[in-house]
Amino acid sequence: MLDLRVNDAAHQVDAPPEMPLVWVLRDLIGLRGTKFGCGIGACGACIVHLDGQAVRACITTAAEAHGKAITTIEGLAGAHGDHSLQRAWKQVNAPQCGYCQPGQLMQAAALLAQTPKPTDEQITSAMAGNICRCGAYQRIKAAIKIAAGEAE
Amino acid sequence: MDAIKNLSRRGMLRGGVASGFVLGFHVAGYNPIFSAAAAGRDAILAPNVYVAVNLSGRISITIHRSEMGTGIKTSLAQALADELDAQWSDIEIIQAQGDEKYGDQNTDGSRSVTQFLLPLRRAGAAARQMLVAAAAQRWKVLPAKCRTQAGVVIGPQAPQRLRYGELVEAAMRLPVPAPESLILKPSKDWRYIGKPLPVVDLDDIVHGKAVYGIDFTLPGMKYASIERPPVYGATLKSYDAKAALATPGVERVVEIPVASLPAGFRPLGGVAVIASNTWAAEQGRQQLEMEWDEGPNGSFDTDAYYKELVATAGKPGRVMRHNGDVDAALAGAAKRISADYFVPHLAHAMMEPEAAVAQVTNGACEVWTATQNPQQARKTVAEALGVDPANVTINVTLLGGGFGRKSKPDYVGEAAVLANMIGAPVKVTWTREDDIKHDYFHAACANHLEAGLDSDGKTVAWLHRSVFPSIATTFKPDVTYGAQGEMDQGVVDLPYDIANVRCENGPAKAHIRIGWYRSVYNIPHGFAVGSFVDELAAAAGKDPVAHILELLGEPRKVDLRAMGVNYGNYGASLDDYPIDTARHRAVVELAAERAGWGSKLPPRSGFGIAVHRSFLTYVAVVARVAVDVRGNASVQRIDMAVDCGQVLNPDRVTAQFEGAAVMGLGNTMFSSLTFKNGQAQQTNFGDYLVARMDSTPETRVHIVPSDAPPGGVGEPGVPPVSAAICNAIYAATGRRIRTLPVDPQELAVM
Ligand code: FES
Ligand code: FES
C-alpha cells in the first residue's frame, strides 16, 4: 500500500512502486482528467504537479510521487474558483477536442507560478513539450498571456 | 426531408407517456424514425429523434454527429435552437447512439453542416410552429398573429404570453406541420446561427471532467492490451503466455483470431492480456513471447516502394480527364517544364489513442467509445460477435481528436470480442506505439506534372499523373488503381483555364492498411498542384498571385461533367455547389491583401501562396517563411482566406482553420512514416514528429461573408498549406521543395 496525497486528499493505493503515476491516478484513484498520450514523456498530456513542479505522470513512478503534494487538473481550480488560466482558456475558447488541454493547463500553471509575466519566447519554450494535434497552440498562447495579465 | 411525423402521438397509441412531444424526421433515403422512450432517461426524451420539449420547457436536442473538436455538437444544436426560438440555457444536448434511424452518422468528409444544417433547422421550426399553433388555439387567434421569443409564445393582445412548457400538452395533440408549410427564419432574425457560441463541453474540458472513450469505466471492468501482428497480414504461429500470466495484476491471456487480408474494419487480431489496470496489462504484454509468420508484406520497404511510386508516375496511366490535345500542345510549347512531387505515408496520431469499453450480457453488447462512425462500429461489433446489429448499442463519448482514424472501428470490435470471451466488461486501450504502428495510414503519393507555356508565358498544356495506393485496398482484394473519388481530390477538379489538360492515375499496391486522414488525397494533390502552379509563375517570370488569377481566368463554373469527367463533388450536387472560379479568385485576392503580399521582406524570407477547393470550400493560404543559413525554415505567419459558404459558428470555423494550418504545417515540415520489413520505423512522438507551439506561427483566418450553401470546414484548410509554405521557401531561397517533409539540408547554404 502506498500513501499518496492528491488535490489535498489522502489516498491509499495498492500500486507497485514502479507503476507510472498516470495509471495510478486514472485506473486506481479514478481521476481521469490526467490524460495518456504517449507514455514516454514526449507529449505533455499527462502533466501534473508534484509540490508545484510540472512533471509528466507517465514517466513519474508512484514511488516518486509518494510524500509529495500531487495536483491534477481536477485540483487546479482553488477554493476561490477557477484558476486564472481556466478563465482565460474559456475566454478565448482555446480547446478543440480538449484532450490535450488538462496537460496544457497544468504546464501553463507551472510556468506562471514560476514566471508570472513570461515573454512570448518563454511561453513557447515552456509549452513546446505539449502536443495539441488539433492545433490550438495560438489560442493556448493567447490565453496564457491573458492570464498573465499581459493582454486583455 | 419527405415527411415529418409526430412521434409522440404514435408513442401515445402504443401506450407511451403523453407528457411531451417529440418530432422525428425522414431524411430522404433514410429509415423512418421511431420513438421509444429511453430507459434511464426522462420518459419523454427519446434518443432517436432530434428534439424534445418537456412540460417544464426543457428542450433536449439529440446530436447524431460525433464531437471530435470541431464544435459540431454545439453548432448543430445552435441551428435547431434558433428555429425553435429557444432559450439556449433551456437546452440539453444528448449525444446520439449509433443507429441508422438518424441518417448518416459517419462524421468525416466535412459533411455535418453541409448535410444537416437544413434538416436540423426544420426540426426546430416544426416544433416552434406546433407550439405557436397550440397557443393560437387557446387564444382563438390566427397563428400568424403570434410570435415567439426565447421559449415563450406571445399573442396579439397583452398579456398573452405562454411559455413553451405550458403549451406542450396541447401541442403534442396537433398534427406536425407538413414540410412545405415550415417557415424558416430570415437570416436577420437569427439568434444562434452565425454566432460564436462557446462549445457546451468547454467548462468540463478545462476542469478535466470531459469524458473521452479512454476515460469511460464500468464496475468490474478489466483492462486489456493487445499484441497485434507486427506486419499487416502476419499470422500467429505460436505464443507463450507464461511470463505474462506471472505478471502482477494480469488475470488472463486470450487470443483474438488474426484478420485475413484485406482487414477492412475488422480487428487485426493478436494476443490480449487482461489485467486489473492498464499498466499491468501493458507490463504483461511485454512478457509475451510471440512467434509470427510475417506473410506477404514482411519485406515491405518504403525505400523501394516510394521509388516505385515515383517511377510509375513517370509512365502513362489511366486517363481520368482529357481536354484538348496535351501531347500536341506540349510538343508545340515555347517552354516546357516538369516536376515530380512526393508526400510520404502519414499517421493520424490524434492525442487520444484508440480506446473502447464493451460489455456483453445475454447476447447483447453495449459499447462506450470515441468513434466517428457509430453505425459502422455497430456493424463491426455485430459481425465480430455474430449477433444481430439490433443487439449492439454504441454509446459515443467525446473524441480526443479523430482526423479520420476513428471512423474505422477495429478497436471497438476488439473490446467487444474480449468482453464476450472473458464474460466481463473490458476496456481496450491502445498505446501510442499501437496507434502509430497499426494506423490506417495516409497514402504515400507520387505526382508527376508537365506543362507547356506559350511565348507569352501562358500555360497551354497541363499533364498531371498521380500514383498512390487506394483506400479501397483496405477493403477489397486486387485493387490496383485509385478510385474516382480519390482523383476528384485535387487532380481532375483542376479549376484553371488551360486549353489542354490530361489527368492520369497509375497503379499502386498497398502493403499496409490505407485510410483517410484529414483532407485525404487533397494533401499530396494540393501540394503538387499548388507547387507546380508556382513553378509555372516562376518560369513565366510572373508574380505568383497575378499568375494564379490569370490561370483561373474569367470567373466561370468549371463544368467537369461536360468534359466527360465522372466527378463526385464530395457527394453534393453541382447545381448547388459548382466549381466556381469567382470564389477561387476572391479568396486568393483576400489572402494576398491581408497578408501584405508583395511587401518588402528581409533576405532569405519570402511569401508563398496556394489556393485549393476541397469539401466544397475554397481556401487560399499565404505563408511567410524565413530560412536560416543552416536551412531551417520557420513559418512566421499564415493568412488563410476561406469561403465555406454560410457559417454556422464563426468561432469554431476559425478554430478549424487555425488547426488545419498547424496540421498542414506538421505534414509539410515534420511528419513522415517509413517502413522496413513491413514495420513502421516510427512509433511514438519521439520519432513521428508533429507541429508544436514552437513551430506554429501566428495564423489569421479571414472568412468571406457568404450566404451560399455551407461547405465543409474540418478538412479544407489543410490542402493548400504545404504548397504555400514551400512556395514561400522558394521565394526566400530560390530552392524548390518537391518532397515532404522539408529537408533542411536542401536549403542550407553553409
Ligand atoms: S503521456 Fe506523458 S508525456 Fe505523453
Ligand atoms: S485540443 Fe485536441 S489535441 Fe489539443
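Note that the structure is a prediction, hence the values are computed from the model and not measured. Throughout, protein chains are lettered first and strands after them, A, B, ... in sequence-line order, and every chain is numbered starting at 1.
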Q) Among Ala45(A), Gly33(A), Ala42(A), Gly30(A), which has the most heavy-atom pairs under 4.5 Å with chain B? A) Ala42(A)

Q | Contact summary for Cys97(A) and Ile205(B), nearest pair of heavy atoms | A | O-CD1, 4.0 Å

Q. Can you tell me how far the CH2 atom of Trp279(B) sits from the CG atom of Leu28(A), to the nearest 0.5 Å?
A. 10.5 Å

**Q.** Region of Pro198(B) that comes under 4.5 Å of a non-hydrogen atom in chain A
**A.** both

Q: Would you check if the side chain of Tyr99(A) reaches a backbone N or O of Met350(B) as a donor-acceptor pair within less than 3.5 Å?
A: no

Q) Roughly how far, to the nearest 0.5 Å, is NZ of Lys141(A) from OG1 of Thr696(B)? A) 8.0 Å

**Q.** N/O donor-acceptor pair under 3.5 Å between Arg133(A) side chain and Ala349(B) backbone
**A.** yes

Q.
Taking side chain as everything from C-beta outward and backbone as N, CA, C, O, which of these in Ser695(B) sits under 4.5 Å from a heavy atom of chain A? Side chain, backbone, both or neither.
A. neither

Q: Report the C-alpha separation of His207(B) and Ile73(A) in whole Å, then their side-chain angles, then the decisive distance to 0.1 Å, and conclude whether the side chain to side chain contact (heavy atoms under 4.5 Å, CB included) test is met.
A: CA-CA 6 Å; His207(B) 292 95; Ile73(A) 185 68; 5.7 Å; no

Q.
Looking at every heavy atom in both Arg652(B) and Pro95(A), which two are closest together, and how far apart are they?
A. NH1-O, 3.0 Å

(Q) Around atom CG of Asp3(A), are there more than 12 heavy atoms from other residues, nucleotides or ligands closer than 6.0 Å? (A) yes

Q: Please test Cys134(A) against Phe403(B) for side chain to side chain contact (heavy atoms under 4.5 Å, CB included), starting from the C-alpha separation and ending with a verdict.
A: CA-CA 9 Å; Cys134(A) 297; Phe403(B) 312 125; 4.1 Å; yes

Q) Do you see a donor-acceptor pair shorter than 3.5 Å between the side chains of Gln656(B) and Gln96(A)? A) yes

Q) How close do Phe36(A) and Trp430(B) get, heavy atom to heavy atom, and via which atoms? A) CE2-O, 3.9 Å

Q.
Is Asp201(B) close to chain A through its backbone or its side chain, or both, or neither, when contacts mean heavy atoms under 4.5 Å?
A. neither

Q: Would you please say whether a donor-acceptor pair under 3.5 Å links the side chains of Thr278(B) and Asp27(A)?
A: yes

(Q) Rounded at 0.5 Å granularity, tell me how far OG1 in Thr124(A) sits from CZ in Arg692(B). (A) 13.0 Å

Q. Of all of Val24(A), Leu31(A), Asp82(A), Val22(A), which one pairs up most often with chain B through heavy atoms under 4.5 Å apart?
A. Asp82(A)

(Q) Counting heavy-atom pairs closer than 4.5 Å to chain A, which one of Asp435(B), Asp215(B), Thr699(B) comes out on top? (A) Asp215(B)

Q.
For chain A, which candidate among Asp203(B), Leu398(B), Val211(B), Thr429(B) shows the most heavy-atom pairs at distances under 4.5 Å?
A. Asp203(B)

Q) With distance as the sole test, does Gln86(A) use its side chain to make a donor-acceptor pair with the main-chain N or O of Val206(B) at under 3.5 Å? A) yes

Q | Donor-acceptor under 3.5 Å (Arg26(A) side chain, Ile214(B) main chain) | A | yes

Q | Contacting region of Ala77(A) [heavy-atom separation from chain B under 4.5 Å] | A | side chain

(Q) Under a 4.5 Å cutoff for heavy-atom pairs, which residue among Glu67(B), Met221(B), His348(B) has the most contacts with chain A? (A) His348(B)

Q: List the atom of Asp694(B), the atom of Ala128(A), and the distance in Å for their closest heavy-atom pair.
A: OD2-CB, 3.6 Å

(Q) Can you tell me how far apart CZ (Arg32(A)) and NZ (Lys209(B)) are? Round to the nearest 0.5 Å. (A) 14.0 Å

Q | Minimum heavy-atom distance between Gln138(A) and Pro697(B), given as atom pair plus value | A | OE1-O, 3.7 Å

**Q.** Separation of Cys38(A) SG from Ile436(B) CD1 (nearest 0.5 Å)
**A.** 9.5 Å

Q. At a heavy-atom separation under 4.5 Å, does Thr654(B) approach chain A through its side chain, its backbone, both, or neither?
A. both

Q. Using a cut-off of under 4.5 Å for heavy-atom pairs, which of Met351(B), Arg432(B), Glu282(B) has the most such pairs with chain A?
A. Met351(B)

Q: Give a yes or no on whether a salt bridge exists between Arg139(A) and Glu658(B), defined as a side-chain N under 4.0 angstrom from a carboxylate O.
A: yes

Q. What are the two closest non-hydrogen atoms of Phe685(B) and Cys43(A), and how far apart are they?
A. CD1-CB, 3.9 Å

**Q.** Derivation and outcome, side chain to side chain contact (heavy atoms under 4.5 Å, CB included), residues Leu202(B) and Asn93(A)
**A.** CA-CA 8 Å; Leu202(B) 183 56; Asn93(A) 293 325; 3.4 Å; yes

Q. Glu74(A) versus chain B, heavy atoms under 4.5 Å apart: side chain, backbone, both or neither?
A. both

Q.
Under 4.5 Å from any heavy atom of chain B, what part of Leu105(A) do you find: side chain, backbone, both or neither?
A. side chain

Q.
Just verifying a value: how many Å separate Gln283(B) CD and Glu18(A) CD, rounded to the nearest 0.5 Å?
A. 7.0 Å

Q) With chain B, which of Cys100(A), Ala136(A), Pro20(A), Cys132(A) has the greatest number of heavy-atom pairs at distances under 4.5 Å? A) Pro20(A)

